[in-house]
Amino acid sequence: MSPPSRRALLTATAGLAAVSALPSPAAATSGPDRVRLAREERRAVVIGSGFGGGVAALRLAQAGVPVTVLERGRRWPTGPNAETFPRVSGLDRRALWYGTLPAAVRPLAQLIGTPLNFGPHVGLLEPVLGQNILGVCAAGFGGDSLVYQGMTLQPSKAVFNTWLPRELDYRRMNEIHYPRVAAMLRTATAPDELVSSSKYSAARVFAERVRRAGYGLEKIPMPIDWDYALAELRGEMKPSYTNGDCAFGVSNGGKRSVDVTYLSQAEATGKVTVETHHNVTSVARAADGRREVHVDRTDDTGRVLERKVLSTRALVMAADSKNTSKLLVRAEPPAPSPTCPGSRRRVEGVPTEAASMPGPTSRRTSEPSRAARSSTAARRGTTPTQRTPSSMSRSHPSASTPGRSSSSASG
């Protein structure tokens with residue numbers, strides 16, 4: 001079967017965008033109150049605070065550029081014995097973002113076997129329903145890094161050159177950017193003490209069967225502080241990782257997600273302003289060439305408190321592959337521009353680092369990693385996931401979730 005054309009992809013995305021434009025439960029009940037409109041000028045704007053947005057914000061700030069990061073979700077502060085994220089065993093309103101469509105909630109509820117009939121809330125996940133596919137993207141300071149399992153694999157040169165654009169040099173990525181990401185996230189493999197515990201019996205069974213079948217086996221580096229997981233096993237810390245709750249975030253702070261790495265350093269520069277509860281509804285290009293970003297500032301239920309129009313000459317779109325695609329399809333004018341697929345130009349001031357981040361979504365920036373693959377796929381007219389091609393897969397006992405193993409590089 002031939003791959004879908006760029007036109008077919010954009011047509012399908014436009015359909016999703018149109019459906020997503022329906023009012024959320026919160027918006028439908030917000031009443032006729034007048035909402036203030038503010039217009040502001042910003043030097044650089046980053047939409048999204050996940051892998052691409054976090055890297056872009058830090059590198060721009062380090063270059064002396066004032067940056068505004070727009071995040072539709074809330075902050076999710078973690079720490080020892082915290083109960084920050086929803087539990088797999090008992091989901092509550094923290095699980096769903098208020099803008100999720102009911103049609104997308106139903107298959108997710110069926111998949112996990114739990115009713116999800118919560119009231120509108122600035123929750124963690126937004127299921128996005130497509131044709132024969134259900135995608136899920138995060139909402140929150142740190143983006144998808146909050147919920148991805150953390151598997152951080154570097155592709156081989158052959159895989160890299162097959163799937164990424166010729167403009168990216170594998171030698172440079174291998175010598176500079178991949179090591180830079182690994183150092184920032186302090187990736188490490190799960191200790192044998194953890195994998196040999198009773199919590200990980202399924203992983204050991206998986207490993208034994210992989211070896212019996214004659215395949216290679218190795219652990220995958222992850223941005224996890226394994227001392228936290230071991231402390232959980234010893235009963236010294238409330239379980240957050242070894243009980244499987246890490247699928248919805250690691251509450252005790254044992255995961256080095258973007259919010260506590262790249263974004264923490266970015267805010268420390270004094271050049272970065274993070275505005276949470278800021279939901280971008282559209283982007284446009286003004287007559288003078290600047291970008292206009294239309295934003296709703298909301299409360300925790302999604303009720304619009306203020307509308308803003310931010311003007312900027314440097315716009316980084318890092319709102320997950322699905323939501324970035326929606327914004328691009330809705331954008332005015334629709335002709336190719338530095339932030340649209342199909343253009344060879346680059347936005348001034350965008351760094352070249354996000355491509356090596358282990359992100360599950362597409363973005364318009366580039367610190368070399370899987371994020372770059374996503375960004376590239378967006379330009380090619382595909383909808384990427386974090387899974388790598390089969391030649392990149394590793395059979396391994398994953399310590400990411402008790403009783404769960406994986407044979408791909410998906411996070």
Side-chain angles (χ1 to χ4, degrees), residues 2-10 12-13 46-48 50-60 143-144 152-182 262 314-329 331 334-393 408-411:
S2 60
S5 66
R6 179 172 177 269
R7 180 181 295 275
L9 174 77
L10 291 180
T13 307
V46 175
I47 303 175
F51 295 104
V55 171
L58 175 58
R59 299 309 175 212
L60 287 170
D144 290 310
T152 308
L153 278 175
Q154 176 179 334
S156 67
K157 183 176 181 179
V159 170
F160 182 96
N161 289 335
T162 298
W163 293 95
L164 293 175
R166 291 187 297 272
E167 291 82 0
L168 291 177
D169 176 33
Y170 183 81
R171 180 190 61 80
R172 180 177 176 82
M173 304 281 277
N174 182 57
E175 293 178 358
I176 300 175
H177 297 293
Y178 283 119
R180 182 180 293 172
V181 170
Y262 283 91
L315 175 61
V316 179
M317 303 187 71
D320 186 278
S321 60
K322 294 168 283 296
N323 288 308
T324 293
S325 296
K326 289 180 190 177
L327 291 171
L328 290 173
V329 170
S337 72
T339 55
C340 289
S343 171
R344 293 182 178 274
R345 299 171 59 197
R346 290 187 177 183
V347 178
E348 177 187 1
V350 175
T352 56
E353 184 179 339
S356 55
M357 292 296 294
T361 60
S362 76
R363 22 217 151 254
R364 308 301 304 160
T365 63
S366 49
E367 173 161 61
S369 132
R370 281 166 292 189
R373 175 180 13 183
S374 299
S375 180
T376 302
R379 289 195 294 271
R380 289 178 175 175
T382 61
T383 303
T385 67
Q386 190 182 344
R387 294 183 178 85
T388 57
S390 57
S391 59
M392 258 286 288
S393 298
S408 76
S410 63

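Here the shortest heavy-atom pairing between A318 and G52 reads CB-C, 3.9 Å. Residues V46 and G53 approach most closely at CG1-CA, 3.5 Å, considering heavy atoms. Here the closest heavy-atom approach between residue L168 and residue F160 is recorded as O-CE2, 3.6 Å.
To the nearest 0.5 Å, the span separating OG1 on T324 from CD1 on I47 amounts to 7.5 Å.
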Practice task
For side-chain contact (heavy atoms from CB on, under 4.5 Å), just list the numbers for V181 and Q154, CA-CA rounded to whole Å, side-chain angles, deciding distance to a tenth of an Å, and then say yes or no.
Solution key: CA-CA 10 Å; V181 170; Q154 176 179 334; over 6 Å; no
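Below 30°, between 30° and 60°, or above 60°: for Y170 and Y178 the angle between ring planes is between 30° and 60°, a tilted geometry.
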